[in-house]
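Numbers for residues simply follow the sequence, beginning at 1. Every heavy atom of this structure was used, including side-chain atoms; hydrogens, water molecules and symmetry mates were not.
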Amino acid sequence: MSVQIQRWLFTVQQYHLMSEAGILREDERLELIEGEIIQMAAIGTRQASCVKRLIDQFSVIPEEIAILDVQNPIRLTDRTEPQPDILWLQLRADYATAHPVPSEVLLLVEVADSTVDNDRNIKVPIYARSLIQEVWLVDLVENCLEVYRQPGPNGYSLMLKFWRGQQVAPLAFPDLDVSVDFILG
């Protein structure tokens, strides 16, 4: 006799209510992915260092043009609220009233070592379905930068891979050349 395993899927609203009720602690590194509460991996030294270098590189973009957001939630659907490493957001009067939504994202960056397969195979397709125009996946295992563009319901139709010695500019900031060597350290 086989037993069917019951999985409980949550909405973003239920997820936030659990946090407000103390069921989920604020210091827990969690994100909601397609209704499932996922414990995020601890931030390793190399990942943290890479995020800091990206913040340094991206800080040349004036605040009047876009908002740089680091390791904060973005609401993609009623059941998905990940916390990417870096977001470049369009200007909005007040992000205090609601988390950013996909149409406000100019660039999303995930930096991954132990979670690279999960980020590539689960999160990147979700970002494409959400129509986020450009996603960078910094793969600290292969020491490369994967750039995803042209989103659609079946994924990104363009994926470019950049290695040490190469540079790339985000679509939203075409004059900002970013060195892969600098990103990887």
Should [X] and [Y] count as side-chain neighbours, where that means a heavy-atom distance under 4.5 Å?
X      : Y      : value
Leu87  : Leu107 : no
Leu171 : Arg149 : yes
Trp136 : Pro170 : yes
Arg75  : Val12  : yes
Val109 : Leu54  : yes

[X]: partners by salt bridge (charged side-chain N to carboxylate O under 4.0 Å, His left out), with sequence neighbours left out:
X      : result
Arg120 : Asp117, Asp139, Glu146
Arg29  : none
Asp181 : Arg164
Asp27  : Arg25

Report the C-alpha separation of Tyr127 and Leu76 in whole Å, then their side-chain angles, then the decisive distance to 0.1 Å, and conclude whether the side chain to side chain contact (heavy atoms under 4.5 Å, CB included) test is met.
CA-CA 8 Å; Tyr127 296 146; Leu76 300 181; 3.7 Å; yes

Residue pairs involving residues 41-55 (criterion side chain to side chain donor-acceptor pair (under 3.5 Å); sequence neighbours excluded):
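As it turns out, the side chain to side chain donor-acceptor pair (under 3.5 Å) pairs with a partner in residues 41-55, which skip direct neighbours, are Arg46-Asn143, Gln47-Asp85, Ser49-Arg53.
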
Within this structure, what is the [atom1]-[atom2] distance for the pair [X] and [Y], rounded to the nearest 0.5 Å?
X      : Y      : atom1 : atom2 : value
Gln166 : Asp177 : CD    : CG    : 12.5 Å
Leu68  : Ile86  : CG    : CD1   : 6.0 Å
Asn121 : Asn118 : CG    : CG    : 8.0 Å
Asp119 : Glu110 : CG    : CD    : 4.5 Å
Cys144 : Leu184 : SG    : CG    : 8.0 Å
Gln133 : Ser103 : CD    : OG    : 10.0 Å

For [X], what residues pass the side-chain hydrogen bond (donor to acceptor under 3.5 Å, both in side chains) criterion, not counting sequence neighbours?
X      : result
Ser157 : Gln150
Ser114 : none
His16  : Glu81

Do [X] and [Y] belong together in a cluster built from hydrophobic side chains that touch within less than 4.5 Å?
X      : Y      : value
Ile55  : Val180 : yes
Val116 : Val124 : yes
Val141 : Ile43  : no
Leu158 : Leu108 : no
Ile67  : Ile61  : no

Any idea which heavy atoms bring [X] and [Y] closest together, and the distance?
X      : Y      : value
Pro100 : Pro73  : CD-O, 3.4 Å
Glu134 : Leu106 : CB-O, 4.2 Å
Leu145 : Ile183 : CD2-CD1, 4.0 Å
Val51  : Val111 : CG2-CG2, 3.9 Å
Met18  : Phe10  : CE-CD2, 3.6 Å
Leu9   : Gln14  : O-OE1, 4.1 Å

Which residue pairs satisfy the ring pair (Phe, Tyr, Trp, His ring centres under 6.0 Å) criterion with at least one member in residues 20-45, sequence neighbours excluded?
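Checked against ring pair (Phe, Tyr, Trp, His ring centres under 6.0 Å) - neighbours excluded - no pair reaches residues 20-45.
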
Qualifying ring pair (Phe, Tyr, Trp, His ring centres under 6.0 Å) pairs, either residue in residues 154-185, two or more places apart
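Found Trp88-Phe173, Tyr148-Tyr156.
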
Does atom CD of Glu28 have more than 12 heavy-atom neighbours from other groups under 6.0 Å away?
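Enclosed: over 12 neighbouring heavy atoms sit under 6.0 Å from CD of Glu28.
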
How about Asp78: does its CG atom have over 12 heavy atoms from other parts shown lying under 6.0 Å from it?
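No, because the 6.0 Å sphere around CG of Asp78 holds 12 heavy atoms or fewer from other groups.
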
After noting the C-alpha distance and the side-chain angles of Val147 and Lys161, does the key distance pass the side chain to side chain contact (heavy atoms under 4.5 Å, CB included) rule?
CA-CA 6 Å; Val147 175; Lys161 205 174 249 195; over 6 Å; no

Output all residues satisfying side chain to side chain contact (heavy atoms under 4.5 Å, CB included) with Gln13, sequence neighbours left out; order by chain, then residue number.
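For Gln13, the residues satisfying side chain to side chain contact (heavy atoms under 4.5 Å, CB included) (neighbours in sequence not counted) are Thr11, Leu17.
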
Quiz: residues 30-41 side-chain donor-acceptor pairs under 3.5 angstrom, not counting sequence neighbours:
| residue | atom | partner | partner atom | Å |
| --- | --- | --- | --- | --- |
| Glu31 | OE1 | Gln83 | N | 2.8 |
| Glu31 | OE1 | Lys123 | NZ | 3.2 |
| Glu31 | OE2 | Lys123 | NZ | 3.0 |
| Glu34 | OE2 | Arg129 | NH2 | 2.6 |
| Glu36 | OE1 | Arg7 | NH2 | 3.4 |
| Glu36 | OE2 | Arg7 | NH2 | 2.2 |

Could you walk me through whether Ile74 and Ile132 pass the side chain to side chain contact (heavy atoms under 4.5 Å, CB included) test, one step at a time?
CA-CA 11 Å; Ile74 175 174; Ile132 293 178; 4.2 Å; yes

